[in-house]
Amino acid sequence: MGTLGVLGLELVQMDTPPTTAYLQIYTEKRCKANCQFCAQAKSSSADITHIARGMYVPFDLELVVNRLKMAYERGYLARTCIQTALYDTWWEDTVHLIKRIRKDCRIPISLSVFPLSTKQYEDLKKMEINELVIPLDACTPELFDRIKGKSAGGPYSWKSHVDGLKRAACIFGKVGTHLMLGLGESDEDAVRIISKLNGDKVNIALFSYTYIPGSQGNFRSETEEKIIKHYRTVQLARHLIMEGIASYSDMRFENGTLKDFGVSSDILLSIIEKGEAFQTSGCPDCNRPMANETFSKIYNFPRKTSKEEITSIKRDMGLAGRIPQS
Ligand code: SF4
């Protein structure tokens, strides 16, 4: 919906417009996979104009591509991100969309998709896909199995996703993944996999799990206070690891809860106050405004944080008057 607003195809009130155009390939068939959090899943009864919180309204392809070209050339958009569901003609439809965009426009394209064959990765590279993203979504193999693998009635496995990431990285030279927090993982589960993926040169984008009415199961069992504290802790640890400031082995955990970030309190405070750690993570120029948020709770800030927002981040972390000591 925000993308349609930037393209001038819908009236949308936004304090921060998206800098990436988010395109979901529309089909009335439900996805053959069964990810428990997703509105498109085969056993879900949620509205199919959603994936998670974002709303994807069907629109005329030619009109969208023409406006995409204008918006990119005029500097309103810096990237487009294509997502698809698993259905019989998903590959043909995805190739058609990529080629249609590429016919008119040089905008960088991200494609977020389940693991593919090596030949398909090579074909996508030739079609000038700039960022290939394979969403793991879960932080551990057990959670993966429960939310999108065999136990969830889906076709995916942790092993094939990790294998897909490795094969795609060989062809694209880099690869991305998404991790969704709030599915029952501990701080340590999340930080451990972030450290491992970062070591394998995988770019990690964080999402917060959002329950969509009609999707299968509500994984939110913790209080809002605990959910946001966990999210901020993992955002900060991810930033420290990905910027090479601290490593997983420097950090200290107690029963899965992060107790020490492994850097001095002065450094930690200055990093928190810069705010970058809490901005949207992922492909270059991706800000995903309101993808997981409500007006009362922002998980990923889609722009530079204000002083008031930094104060509220410190409150979220329980750091109003205290920074964990190294
Ligand atoms: S990080 Fe943003 S642009 Fe990249 S795949 Fe995820 S949503 Fe798309």
Side-chain angles (χ1 to χ4, degrees), residues 1-4 6-7 16-26 35 37-40 50-56 64 68 71-72 76-86 90 94 97-98 101-102 105-116 120-121 124-125 127-139 148 161 164-165 168-169 171-181 193-194 197-198 201-210 231 234-235 238-239 242 276-293 298-303:
M1 188 57 93
T3 298
L4 288 177
V6 176
L7 296 180
T16 310
T19 45
T20 286
Y22 301 98
L23 306 179
Q24 162 77 15
I25 295 180
Y26 182 75
C35 304
F37 52 83
C38 180
Q40 312 266 326
H50 283 79
I51 303 176
R53 193 162 178 281
M55 194 177 180
Y56 291 80
V64 168
L68 192 64
Y72 176 58
Y76 291 108
L77 290 168
R79 164 172 306 276
T80 187
C81 172
I82 300 172
Q83 304 185 58
T84 181
L86 178 61
W90 78 266
T94 305
L97 175 58
I98 296 166
I101 295 171
R102 274 287 166 261
C105 180
R106 308 305 320 145
I107 189 167
I109 305 178
S110 296
L111 177 67
S112 173
V113 69
F114 33 84
L116 305 176
Q120 284 170 310
Y121 290 142
L124 290 168
K125 175 88 178 154
M127 284 178 242
E128 296 175 72
I129 289 295
N130 306 83
E131 304 282 338
L132 202 282
V133 177
I134 305 171
L136 273 173
D137 294 319
C139 291
K148 60 190 276 182
H161 271 59
L165 283 166
I171 290 157
F172 285 86
K174 57 184 174 176
V175 69
T177 196
H178 294 165
L179 291 177
M180 197 181 293
L181 303 183
I193 189 66
I194 287 169
L197 291 167
N198 182 58
K201 306 272 179 272
V202 179
N203 183 19
I204 305 134
L206 297 181
F207 286 69
S208 168
Y209 166 66
T210 310
Y231 200 82
V234 177
Q235 277 180 310
R238 172 197 170 278
H239 183 81
M242 292 188 68
E276 276 168 34
F278 310 100
Q279 285 181 233
T280 305
S281 47
C283 304
D285 302 306
C286 172
N287 66 343
R288 295 192 304 273
M290 306 308 283
N292 327 170
E293 357 286 329
I298 305 289
Y299 290 88
N300 298 318
F301 290 87
R303 48 164 169 69

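Heavy-atom basis, side chains included; hydrogens, waters and symmetry copies ignored. All of these numbers come straight from a predicted model, not from anything done at the bench. Whatever order the structure lists them in is the order used to number ligands and atoms, beginning at 1. One-based numbering along the sequence shown.
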Inset, instruction - Search all heavy atoms of H161 against all heavy atoms of P115 and return the closest pair with its distance. - result: CE1-CD, 3.3 Å
Inset, instruction - Specify the closest pair of heavy atoms between N300 and F207, including all atoms of both residues, with the distance to one decimal. - result: ND2-CA, 4.4 Å
Legend entry - Any residue meeting side-chain contact (heavy atoms from CB on, under 4.5 Å) with K174, in chain and number order, not counting sequence neighbours: E131
Inset, instruction - Just jot down the side-chain contact (heavy atoms from CB on, under 4.5 Å) partners of A21, sequence neighbours excluded, or say none. - result: T3, L68, L77, T80
Legend entry - salt bridge (Lys or Arg N to Asp or Glu O under 4.0 Å) partners of K201, counting only residues at least two apart: none
Inset, instruction - Take atom 6 (Fe) of ligand 1 and tell me which protein N, O or S atoms are nearer than 2.8 Å. - result: H178 NE2
Inset, instruction - Side-chain contact test, heavy atoms from C-beta onward, threshold under 4.5 Å: evaluate it for P18 versus Y76 and give yes or no. - result: no
